[in-house]
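Everything below concerns the one structure shown next.
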Amino acid sequence: RKHIAGTRMNWAFRVVATSITEPHAYDEIHAPWCCGVVSYRQALLGKMMRRRSNKFPAGMSHNASLDHLFRHVATYDPMISEFLDELIEESKTGLPATVNRNPSLLSGSLQLRRITRFVKDPLFRGVREPILAVKASNCDFDGDFLMVTLGLDKHFERLLQPMRLNTSVFGFGKPYE
C-alpha cells in the first residue's frame, strides 16, 4: 500500500485526505506546499533560472535554484509561492492530476481532478478534497491516504477525460450504492 506501482513514482505523492471547508468546485483539490515544491521541481527550476533580479541579473544558476528549492520544501518562500501560482494560472483551469485511494477498485476510485491551489502553510501535510467527491473512493477523512499523480501536460488530461467525476456512475445496485 505504500506505493501504487510497487515503487516510488515521479510526479506523484501520497498524503492524508482532508476536506475543503470554503466554497469550491466539485473536482478541485488543494495540494500541500511540500508536495508542490518537490513534485513541480523541474518547472520551478526553469522559472527560477529564467527570472532575472538585482541579485541574479542572468537568472539563478541551476545549483543555486536547486539549493533554494531544497531549503524551502518545509518553509514558505514568496518567490516559490508566486511560481506555483503562475503554474496554476498558466493551466487556465487548474493543474490536472489523478486521485486514487488504495485499495479501492470500484468505479470512480481513480478520478481526474484539478489542483487549483497550493496550501501555503508548510506544516500542513494533507490534500484538501471536496466532500462531494469522496463516495467513489470510500474516503471518510479519518486518516485515509490519497495517491495523487500529476498530469504534466494537456495530452494527459485529454486521455483521462473519462475519469472525470461527472462520468462516474453510481446506483446500479449493490455493492455500488
Side-chain angles (χ1 to χ4, degrees), residues 1-5 7-48 51 60 65-104 108-152 156-157 160 163-165:
R1 292 179 68 174
K2 287 184 179 181
H3 306 292
I4 193 168
T7 185
R8 283 204 173 215
M9 294 175 53
N10 291 324
W11 302 291
F13 53 90
R14 187 171 181 255
V15 289
V16 173
T18 62
S19 63
I20 300 176
T21 56
E22 63 247 7
H24 59 277
Y26 73 96
D27 64 341
E28 72 179 274
I29 58 173
H30 300 168
W33 173 265
C34 59
C35 295
V37 172
V38 172
S39 299
Y40 286 99
R41 179 178 65 234
Q42 297 302 324
L44 294 171
L45 283 172
K47 287 183 175 290
M48 292 170 78
R51 168 72 61 93
M60 295 175 81
S65 300
L66 202 55
D67 181 58
H68 187 82
L69 279 179
F70 287 148
R71 281 188 288 115
H72 292 95
V73 169
T75 56
Y76 177 80
D77 179 66
M79 180 176 62
I80 294 174
S81 177
E82 178 186 339
F83 291 152
L84 287 171
D85 291 342
E86 277 181 22
L87 289 173
I88 292 171
E89 286 174 29
E90 290 166 358
S91 72
K92 305 280 191 272
T93 60
L95 300 166
T98 58
V99 175
N100 179 40
R101 179 173 174 264
N102 292 335
S104 298
S109 64
L110 178 67
Q111 303 168 353
L112 177 63
R113 302 284 189 79
R114 299 174 299 119
I115 298 173
T116 58
R117 183 181 306 168
F118 290 98
V119 179
K120 306 298 189 207
D121 179 6
L123 298 177
F124 177 75
R125 301 294 170 100
V127 65
R128 292 183 180 159
E129 143 152 314
I131 189 70
L132 296 175
V134 298
K135 179 177 173 61
S137 59
N138 192 26
C139 185
D140 52 12
F141 305 126
D142 65 351
D144 296 336
F145 277 84
L146 292 177
M147 177 71 181
V148 179
T149 306
L150 308 178
L152 300 178
F156 172 90
E157 189 173 12
L160 292 177
M163 299 294 198
R164 293 179 52 94
L165 284 170

- request: Could you grab the distance from atom CG of Leu44 to atom CG of Leu84, nearest 0.5 Å is fine?
  value: 5.0 Å
message: Between Arg51 and Glu86 (salt bridge meaning N to carboxylate O under 4.0 Å), is one present in this structure?
response: yes
- prompt: Sequence neighbours excluded, which residues qualify as side chain to side chain contact (heavy atoms under 4.5 Å, CB included) partners of Ile88?
  reply: Leu95, Phe118
message: What I'd like to find out is whether the side chain of Tyr40 reaches to under 4.5 Å of the side chain of Leu87, using heavy atoms alone.
response: yes
field: Reported CZ-to-OH distance for the pair Arg164 and Tyr26, which is rounded to 0.5 angstrom
entry: 4.5 Å
query: Where is the tightest heavy-atom contact between Thr18 and Phe124, given as atom of each residue plus distance?
result: OG1-CZ, 3.5 Å
- request: Work out which heavy atom in Trp11 is nearest to a heavy atom in Ser39; give both atom names and the distance.
  value: CD1-O, 3.2 Å
Test log, rule side-chain contact (heavy atoms from CB on, under 4.5 Å), inputs Glu28 and His30: CA-CA 7 Å; Glu28 72 179 274; His30 300 168; 2.8 Å; yes
task: Tell me, please, which residues at least two apart from Glu157 pass side chain to side chain donor-acceptor pair (under 3.5 Å).
output: Lys154
- line: So CG of Leu123 and SG of Cys34: to nearest 0.5 Å the spacing works out to 10.0 Å
- request: State the CG-CZ distance between Asn100 and Arg14, to the nearest 0.5 angstrom.
  value: 10.0 Å
Pair Arg101-Glu129, salt bridge (Lys or Arg N to Asp or Glu O under 4.0 Å): steps then yes or no: CA-CA 12 Å; Arg101 179 173 174 264; Glu129 143 152 314; over 6 Å; no
query: For Tyr76, which residues count as a side chain to side chain donor-acceptor pair (under 3.5 Å) partner, sequence neighbours excluded?
result: Ser81
message: Let's go through Cys35 and Val15 carefully: what are the C-alpha distance in whole Å and the side-chain angles of both, what is the deciding distance for side-chain contact (heavy atoms from CB on, under 4.5 Å) to 0.1 Å, and is it a yes or a no?
response: CA-CA 9 Å; Cys35 295; Val15 289; 3.8 Å; yes
- prompt: Where do Gly126 and Pro32 come nearest, in terms of heavy atoms and distance?
  reply: O-CD, 3.2 Å
query: Minimum heavy-atom separation for Ala31 to Val127, with atom names?
result: CA-CG2, 4.4 Å
- request: Enter the distance from Ile115:CD1 to Arg128:CZ here, rounded to the nearest 0.5 Å.
  value: 13.5 Å
field: Beyond-backbone contact of Leu69 with Met48, side-chain heavy atoms, under 4.5 angstrom
entry: yes
query: Could Lys120 and Asp85 be called an ion pair, given the rule that one side-chain N must be under 4.0 Å from one carboxylate O?
result: yes
message: Which residue is it: Met60, Arg71, Arg41? I am looking for the one with a side chain to side chain contact (heavy atoms under 4.5 Å, CB included) to Leu66.
response: Arg41
field: Side-chain touch Pro96/Leu160, heavy atoms, less than 4.5 angstrom
entry: no
task: Side-chain contact test, heavy atoms from C-beta onward, threshold under 4.5 Å: evaluate it for Met79 versus His68 and give yes or no.
output: yes
- prompt: So, do Phe13 and Leu150 sit near enough that their side-chain heavy atoms are less than 4.5 Å apart?
  reply: yes
task: Of all the heavy-atom pairs spanning Pro122 and Ala74, show the shortest one and how long it is.
output: CB-O, 3.3 Å
- prompt: Under the criterion side-chain hydrogen bond (donor to acceptor under 3.5 Å, both in side chains), which of Arg114, Gln111, Arg113 is the partner of Asp27?
  reply: Arg114
field: Pairwise distance CG(Asp144) to SG(Cys139) - rounded to 0.5 angstrom
entry: 4.5 Å
